[in-house]
Each structure stands twice: as C-alpha cells, then as structure tokens.
Student: 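Here you go, one structure.
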Amino acid sequence: RRESLEGQVAKPMSRVIWIGCGSKKASKECAARDLYKGCLFKDRLAYAEDSESPFWIISAKYGLVDPDQWLPPYDLRLGQLPPVERAAWALCTVGRLLDELSDDLTVQALRGVHVELHMGSEYSEPLGEVLLAAGMSTSWPVQNMGIGQQRAWYRERSKRERRRKTNARLGSGDSATQGRLFGSGV
C-alpha cells in the first residue's frame, strides 16, 4: 500500500506520517494495521491511508513498523521503559526510518523529510528530538488535544481528503454531481 518516495527527491520536502500504536489489540498475530483495535488508532489509520503519503505505525515494542508487517499481540507501553531504554528506542526507530528512505533519497534530501507525528507525548517527544537532530522537520498536529478532539480532527480531515479525491476524479466543473454525492442538494 505504501508508495515509494522515488521520484520525490526534487521536491523540497517529502512528508511521511507516523501513527502511534494502541493498547487494545487483536488476540492473535496479524498485520499491524489490523492488530490495534482502538477507535483513535482506527481514525489515525484512516487519516494516514487517505493522505497518500508513506506511513508507518510506531510500536512501543517494535519501533517503526510497516502497516502490513505481521505482529503478535503484546503488552508494552513506552512509559514502562526506563528513560535510557526510551532514548535507545527512539534512536533505533529513527534509524530504521533512515534505512527505509535511504534507498530512495540522497542524504541531502533526507534532511528535507517532514515527519508528522500522530501519537501521544510519551512517544512523540523522544522521537521528535531524534528526528530534529537527524535534520528532519516534525509536526504534531494533535498536540494538546483530548482524545475526543483528536478523533474529530482525524474524521474531519479524512472526510475532506475523500471529498478532494472525488472532486479531482469528477473534475471541478460538475458541481451538481458533487452536490448530490456529498448531500448538499445542489
């Protein structure tokens, strides 16, 4: 599902999305995108899938995880680890991103990568520090939002992204068809 960054080297910045894992998990091994069962995770996943940007899931146990990678259920929160282990986890996680992108991008272009962090502070803070030290930029769009606010933010953007894609397919001149599709009664 994830698109390669090949051909994006000429762009001044390439965006990747990292979504945090969740504590509610399936009872058996499955693809990471199906392992995490919480509503907030599902909203984050829909947002990442709609974005058409490369994305990964960030796991407390496995670090950077491809959404299609199979994982067994586990019970570990990053906050359970001592600070030195959290720091090592963040270094390994960012190092894995560098390995993933280095085939498609030059070292100079890696510095233009922008990582959107969609996770709680115990994950985003150590990762953000390492990403910045590696020369990448970061954003945390849902920082300081409660879970309800985050879910609303993701749902709004996923709907907006679906509308944008549909409008692009239909062409901008057919507002009557677009109105019927989106319930505005035009």
Student: Not counting sequence neighbours, which residues clear ring pair (Phe, Tyr, Trp, His ring centres under 6.0 Å) with W89? List them please.
Tutor: Y123
Student: Between CD of Q150 and CG of D43, what distance do you get to the nearest 0.5 Å?
Tutor: 9.5 Å
Student: To the nearest 0.5 Å, tell me how far K24 NZ sits from L40 CG.
Tutor: 11.5 Å
Student: Listed by chain and number, what are the ring pair (Phe, Tyr, Trp, His ring centres under 6.0 Å) partners of W70, not counting sequence neighbours?
Tutor: none
Student: Search all heavy atoms of G20 against all heavy atoms of F41 and return the closest pair with its distance.
Tutor: O-CD1, 3.2 Å
Student: If you look at every heavy atom in R96 and V65, which pair is closest and at what distance?
Tutor: NH1-N, 4.3 Å
Student: Would you say the side chain of C21 lies within less than 4.5 Å of the side chain of Y62, judging by non-hydrogen atoms?
Tutor: no
Student: If you measure from CD on Q143 to OG on S124, what distance do you get to the nearest 0.5 Å?
Tutor: 7.0 Å
Student: What pair of heavy atoms forms the shortest contact from I17 to A48, and how long is it?
Tutor: CG2-CB, 4.1 Å
Student: Is there a side-chain contact between R15 and S51 (heavy atoms, below 4.5 Å)?
Tutor: yes
Student: Would you name the heavy atoms of C30 and A26 that are closest together and state the gap between them?
Tutor: SG-CB, 4.0 Å
Student: How about CG on L132, more than 12 heavy atoms from neighbouring residues, nucleotides or ligands closer than 6.0 Å, or not?
Tutor: yes
Student: Main chain of P126, side chain of E129: is a donor-acceptor contact present, judged purely on distance under 3.5 Å?
Tutor: no
Student: Where is the tightest heavy-atom contact between N144 and Q149, given as atom of each residue plus distance?
Tutor: O-OE1, 4.4 Å
Student: What's the spacing between T93 OG1 and W18 CH2 if we round to 0.5 Å?
Tutor: 6.5 Å
Student: Can you give me the closest heavy-atom contact between K28 and L35, atom names plus distance?
Tutor: O-CD1, 4.1 Å
Student: Please report the C-alpha distance between Y154 and H118 in whole Å, then the side-chain angles of each, then the deciding distance to 0.1 Å, and finally whether the ring pair (Phe, Tyr, Trp, His ring centres under 6.0 Å) criterion is met.
Tutor: CA-CA 10 Å; Y154 289 117; H118 296 272; 5.4 Å; yes
Student: Just to verify, which of L127, I19, V142 counts as forming a side chain to side chain contact (heavy atoms under 4.5 Å, CB included) with M119?
Tutor: L127
Student: Report yes if the side chains of V115 and L97 come closer than 4.5 Å at any heavy-atom pair, otherwise no.
Tutor: yes
Student: Step by step, work out the side chain to side chain donor-acceptor pair (under 3.5 Å) result for H114 and S14.
Tutor: CA-CA 6 Å; H114 178 81; S14 297; over 6 Å; no
Student: Keeping the roles fixed (side chain from R157, backbone from W153), state whether a donor-acceptor pair exists under 3.5 Å.
Tutor: yes
Student: Name every donor-acceptor pair, under 3.5 Å, that has one atom in a side chain of residues 73-85 and the other anywhere in the protein, sequence neighbours excluded.
Tutor:
| unit_1 | atom_1 | unit_2 | atom_2 | d |
| --- | --- | --- | --- | --- |
| Y74 | OH | Y36 | OH | 2.8 |
| Y74 | OH | S59 | OG | 2.8 |
| R77 | NH2 | E122 | OE2 | 2.8 |
| Q80 | OE1 | R77 | N | 2.7 |

Student: Would you compute the distance between atom CZ of R86 and atom CD of E125 and round it to the nearest 0.5 angstrom?
Tutor: 10.0 Å
Student: Please examine the side chains of L71 and E29, heavy atoms only from C-beta on, and report whether any two atoms are closer than 4.5 Å.
Tutor: no
Student: Just verifying a value: how many Å separate S27 OG and K37 NZ, rounded to the nearest 0.5 Å?
Tutor: 9.0 Å
Student: Determine whether the side chains of Y47 and E116 contain a donor N or O and an acceptor N or O closer than 3.5 Å.
Tutor: yes
